[in-house]
Chemist: 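Quick one: the structure is below, and I'll ask about it shortly.
In each ligand, atom 1 is the first atom listed, and ligand 1 is the first ligand listed. No hydrogens, no waters, no symmetry mates; every other heavy atom, side chains included, goes into these values.
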Amino acid sequence: MRKILFATNNAHKIQEAQYRIGSIFQVISLKEVGINETIPEPYDTLKENASAKSQYIYNKLHQNCFSEDTGLFVEALHGEPGVHSARYAGEQARDTANLEKLVHKMYGKENRKAHFSTIISLIMDGKEYFFEGHCKGNIVEIANGKMGFGYDPVFKPEGSEKTFGEMDIDEKNEFSHRRKALDLLIDFLTRITPKENLS
Ligand code: ITT
């Protein structure tokens, strides 16, 4: 089976990608190629950060790879936590602290609208390509569900009665920003590299 390196340290992202594209490509994690360091994400846009991550790994390993950057953009908070979703409650913040900060800031807010955005950067033979996916929804008042990761327990996608935190990976993939971006990536990869091994 063809292989593709996903330049992320987030095991949940790997799992979601593997579920989606596992029948076509074997998704290889950074851990599997012996990289455990945190890749810097110093920029103010998802695109620049996604690009920084894939460039970093491509320059280090000289291997085709993709990375992605994701943010949750909440209308009532003027787009927060946005590009800085991973560090919302501080530089070393964990998912639970970020989630608690968001729930707290949303207390009493009437407008609950939000969206997730994912931008994938693929580097293939030195050329870079971008793919994006979005998912509109609402921030619930009380976190619900133990599945998924990050902000999943507070985000209810449009068209669902459940939060992402109450969905298994297949259900989340019906709606998710990441799945939509991955679909475009798969489409591209299967069109331009019908035979070669990507790794
Ligand atoms: P990599 O940079 O290694 O890929 P990361 O966890 O740092 O992994 P991001 O910078 O893209 O990933 O994530 C930004 C934040 O948004 C982080 O706190 C995640 O937990 C959260 N997040 C990303 N995707 C999410 C999703 O599908 N559902 C809920 N939260 C998500």
Chemist: Are the side chain of Glu100 and the backbone of Ala97 linked by a donor-acceptor contact shorter than 3.5 Å?
Modeler: no
Chemist: Identify, by atom number and element, the atoms of ligand 1 in contact range of Asp69, meaning under 4.0 Å from any of its heavy atoms.
Modeler: 9 (P), 10 (O), 11 (O)
Chemist: Any donor-acceptor pair under 3.5 Å linking the side chain of Arg20 with the backbone of Asp183?
Modeler: no
Chemist: If you measure from each heavy atom of His177 to ligand 1, is any distance below 4.0 Å?
Modeler: yes
Chemist: From the options Ile119, Val154, Asp152, select the one whose nearest heavy atom is closest to atom 29 (C) of ligand 1.
Modeler: Asp152
Chemist: Between Asp187 and Arg191, does any NZ, NE, NH1 or NH2 come within less than 4.0 Å of an OD or OE carboxylate oxygen?
Modeler: yes
Chemist: How far is atom 4 (O) of ligand 1 from the closest protein heavy atom, and which atom is that?
Modeler: Thr8 OG1, 2.6 Å
Chemist: Hey, does Tyr151 sit under 4.0 Å from ligand 1 if you only count heavy atoms?
Modeler: yes
Chemist: Which protein heavy atom lies closest to atom 2 (O) of ligand 1, and at what distance to 0.1 Å?
Modeler: Lys53 NZ, 2.6 Å
Chemist: Among protein heavy atoms, which lies nearest atom 7 (O) of ligand 1, and at what distance?
Modeler: Glu41 OE2, 3.4 Å
Chemist: Below 3.5 Å, N or O to N or O, backbone or side chain included: is there any such pair between Glu16 and ligand 1?
Modeler: no
Chemist: Is the ring pair Phe188/Tyr129 parallel, tilted or perpendicular, if the boundaries are 30 and 60 degrees?
Modeler: tilted
Chemist: Tell me, please, whether Phe6 has Lys13 positioned over its six-membered ring: NZ or CZ under 6.0 Å from the ring centre and within 45 degrees of its axis?
Modeler: no
Chemist: For Gln18 and Val27, indicate whether the former's side chain and the latter's backbone hold a donor-acceptor pair under 3.5 Å.
Modeler: yes
Chemist: Could you tell me how the ring of Phe116 sits relative to the ring of Phe155: parallel (under 30°), tilted (30 to 60°) or perpendicular (over 60°)?
Modeler: perpendicular
Chemist: Mind checking whether Phe116 has a heavy atom under 4.0 Å from ligand 1?
Modeler: yes
Chemist: What is the closest protein heavy atom to atom 3 (O) of ligand 1, and at what distance does it sit?
Modeler: Asn9 N, 2.9 Å
Chemist: Could you tell me the residue and atom name of the protein heavy atom closest to atom 31 (C) of ligand 1, and the distance to it rounded to 0.1 Å?
Modeler: Phe149 CE1, 3.5 Å
Chemist: Once the angle between the rings of Phe175 and Phe164 is folded into 0 to 90°, is it parallel (under 30°), tilted (30 to 60°) or perpendicular (over 60°)?
Modeler: tilted
Chemist: Could you go through the side-chain hydrogen bond (donor to acceptor under 3.5 Å, both in side chains) check for Glu158 and Ser160 one step at a time?
Modeler: CA-CA 6 Å; Glu158 272 180 9; Ser160 168; over 6 Å; no
Chemist: Considering only non-hydrogen protein atoms, determine which one is nearest to atom 16 (O) of ligand 1 and report residue, atom name and distance to 0.1 Å.
Modeler: Ser85 CB, 3.6 Å
Chemist: Look at atom CZ of Arg87 and say whether more than 12 heavy atoms of other residues, nucleotides or ligands are closer to it than 6.0 Å.
Modeler: yes
Chemist: Any idea which atoms of ligand 1 are less than 4.0 Å away from a heavy-atom of Lys172?
Modeler: 26 (C), 27 (O), 28 (N)
Chemist: Is a side-chain donor or acceptor of Tyr58 paired with a backbone partner of Asn64 at a separation under 3.5 angstrom?
Modeler: no
Chemist: What do we get for His12 next to ligand 1 when only non-hydrogen atoms under 4.0 Å count, side chain, backbone, both or neither?
Modeler: neither
Chemist: Any idea which protein heavy atom is nearest atom 12 (O) of ligand 1, and the distance to it?
Modeler: Lys13 NZ, 2.9 Å
Chemist: Check ligand 1 against Thr70 and write out every atom of the ligand that is under 4.0 Å from a heavy-atom position of the residue.
Modeler: 11 (O), 13 (O), 14 (C), 23 (C), 24 (N)
Chemist: So which heavy atom in the protein is nearest atom 20 (O) of ligand 1, and how far is it from that ligand atom?
Modeler: Asp95 OD1, 3.2 Å
